[in-house]
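Working notes for the structure below.
Here is how names work: the chains are called A, B, and so on, in the same order as the sequence lines, proteins then strands, and each is numbered from 1. Owing to the predicted nature of the structure, the values given are computational and were not obtained by experimental measurement.
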2 protein chains.
Amino acid sequence: MYYEAMPVARSLPLTRRPLTDQQSALLAPVFAALSDPVRLRLFDLVHRAGSTGVCSCDLTGPLERSQPTISHHLKVLREAGLVQARREGTWLWYSVVEESLSRAQAFIQR
Amino acid sequence: MYYEAMPVARSLPLTRRPLTDQQSALLAPVFAALSDPVRLRLFDLVHRAGSTGVCSCDLTGPLERSQPTISHHLKVLREAGLVQARREGTWLWYSVVEESLSRAQAFIQR
DNA sequence: GTTGTATATTGACAGTTGTCAAAGTATGCA
DNA sequence: TGCATACTTTGACAACTGTCAATATACAAC
């Protein structure tokens with residue numbers, strides 16, 4: 001089984017009009033996914049692992065949260081399109097979806 | 001009376017270590033402030049107004065929310081350090097705190 | 001199949017959030 | 001002083017969120 005990144009807004013940065021209702025509704029979940037300290041640290045750890053990714057078994061330890069809680073946060077990050085996971089045997093390897101980052105970045109810098 | 005931007009983390013981007021507990025606790029509220037569609041649009045409107053700022057009376061109209069709700073969201077943005085307000089007679093003029101943006105940006109791009 | 005390890009889901013609970021109506025505070029002007 | 005305008009605060013409510021224990025599912029090895 002394969003856990004993919006969910007689809008998210010693509011056409012944001014080019015407009016010079018005020019943010020529309022739809023645009024903000026697509027972008028907000030990305031920031032919402034980064035709005036929790038545990039998820040920020042998770043995302044940071046995944047990001048550090050680069051394209052190789054990181055085994056989620058290595059993510060449960062350092063954050064002092066239960067395994068279900070970490071699993072829940074990883075799901076939030078996945079559904080926001082920020083990370084993706086691929087299975088390798090028993091393990092899941094998480095990596096960052098660079099594209100999603102550039103969308104958030106496009107909003108922030110202008 | 002003067003509504004200022006609240007103090008927020010300053011020393012984030014330079015480290016190459018994993019995000020600490022404290023760092024993530026300081027950064028998360030910034031993303032949390034951007035995690036609501038109405039606030040995203042508010043912030044966008046303020047940002048567009050540049051250094052002149054925008055009168056908050058002009059922010060209540062376009063977003064289809066009650067005036068107290070808009071006031072609440074502006075407070076959240078202020079407390080996250082993303083915007084600041086200065087009073088001019090009866091009006092409040094809102095403008096973006098650029099520095100706060102660069103901190104969020106520093107996290108996103110690396 | 002059984003057993004063991006890795007991860008996800010469910011259910012529950014306290015705490016937080018977005019929203020509005022109503023009431024309060026601040027400023028300017030007559 | 002009184003009134004009008006701009007904004008904030010309070011109180012209430014439904015919806016959502018972070019957390020864990022318990023349970024379930026997926027895969028590998030035997």
Side-chain angles (χ1 to χ4, degrees), chain A residues 1-6 21 24-25 27-43 45-46 53-80 82-95, chain B residues 1-6 21 24-25 27-43 45-46 53-80 82-95:
Chain A
M1 186 181 182
Y2 226 80
Y3 295 100
E4 299 181 28
M6 312 278 166
D21 210 4
S24 63
L27 195 48
V30 176
F31 289 116
L34 296 174
S35 72
D36 179 86
V38 172
R39 280 199 296 272
L40 267 187
R41 296 179 66 190
L42 272 177
F43 182 78
L45 291 172
V46 173
V54 56
C55 173
S56 86
C57 59
D58 287 329
L59 297 173
T60 307
L63 293 185
E64 298 176 332
R65 293 294 187 286
S66 71
Q67 178 269 319
T69 295
I70 298 296
S71 177
H72 161 68
H73 284 308
L74 287 171
K75 184 180 184 181
V76 174
L77 288 172
R78 253 165 28 222
E79 290 181 342
L82 284 167
V83 305
Q84 61 197 149
R86 85 174 181 289
R87 190 175 272 283
E88 197 129 316
T90 322
W91 291 281
L92 285 178
W93 288 82
Y94 279 87
S95 57
Chain B
M1 185 182 181
Y2 226 82
Y3 294 101
E4 299 181 26
M6 312 281 169
D21 210 5
S24 62
L27 194 48
V30 176
F31 289 115
L34 297 175
S35 73
D36 178 86
V38 172
R39 280 198 298 271
L40 269 187
R41 295 179 67 190
L42 272 178
F43 181 79
L45 289 172
V46 174
V54 56
C55 174
S56 86
C57 57
D58 287 328
L59 297 173
T60 308
L63 293 185
E64 297 177 331
R65 292 295 187 286
S66 72
Q67 181 271 320
T69 296
I70 298 297
S71 176
H72 162 68
H73 285 309
L74 287 171
K75 183 180 185 180
V76 173
L77 288 173
R78 254 167 26 223
E79 290 181 343
L82 284 167
V83 305
Q84 61 197 149
R86 85 174 181 288
R87 188 176 275 283
E88 197 129 317
T90 323
W91 293 281
L92 286 177
W93 289 81
Y94 278 88
S95 57

Heavy atoms from C-beta onward define the side chain here; which of [options] lies closest to that of [X]?
{"X": "B:Leu92", "options": "C:dC20, D:dC7, C:dA8", "answer": "D:dC7"}
{"X": "B:His72", "options": "C:dG18, D:dT9, D:dC7", "answer": "C:dG18"}
{"X": "B:Thr69", "options": "C:dT19, D:dC7, C:dT9", "answer": "C:dT19"}
{"X": "A:Thr90", "options": "D:dC7, C:dA8, C:dT5", "answer": "C:dT5"}
{"X": "A:Asp36", "options": "C:dA26, D:dT19, C:dC20", "answer": "D:dT19"}
{"X": "B:Arg39", "options": "C:dT19, C:dG18, D:dA26", "answer": "C:dG18"}
{"X": "A:Pro68", "options": "C:dT19, C:dA8, D:dG18", "answer": "C:dA8"}

Look at the side-chain N and O atoms of A:Lys75 and state whether any lies under 4.0 Å from the OP1 or OP2 oxygen of C:dT9.
->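 The answer is yes; a side-chain N or O of A:Lys75 sits under 4.0 Å from OP1 or OP2.
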Presence of A:Arg78 side-chain N/O under 4.0 Å of C:dA8 phosphate oxygens OP1/OP2 |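 For C:dA8, OP1 or OP2 has a side-chain N or O of A:Arg78 closer than 4.0 Å.
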What distance separates [X] [atom1] from [Y] [atom2], expressed to the nearest 0.5 Å?
{"X": "B:Leu40", "Y": "A:Asp21", "atom1": "CG", "atom2": "CG", "answer": "11.0 Å"}
{"X": "B:Leu77", "Y": "B:Leu42", "atom1": "CG", "atom2": "CG", "answer": "6.5 Å"}
{"X": "A:Gln67", "Y": "A:Leu59", "atom1": "CD", "atom2": "CG", "answer": "11.5 Å"}

Answer with base, sugar-phosphate or nothing: what part of the nucleic acid does B:His73 contact at a heavy-atom distance below 4.0 Å?
->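 Counting heavy atoms under 4.0 Å across all strands, the contact made by B:His73 is with sugar-phosphate only.
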Have a look at A:Ser56 and say if it touches a base, only the backbone sugar-phosphate, or nothing, with a 4.0 Å heavy-atom cut-off.
->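 Sugar-phosphate: the residue A:Ser56, judged by heavy atoms under 4.0 Å, touches backbone atoms but no base.
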Can any side-chain N or O of A:Arg39 pair as donor or acceptor with the backbone N or O of A:Ala32 at less than 3.5 Å?
->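 Side chain of A:Arg39 to backbone of A:Ala32, a donor-acceptor pair under 3.5 Å: yes, one is there.
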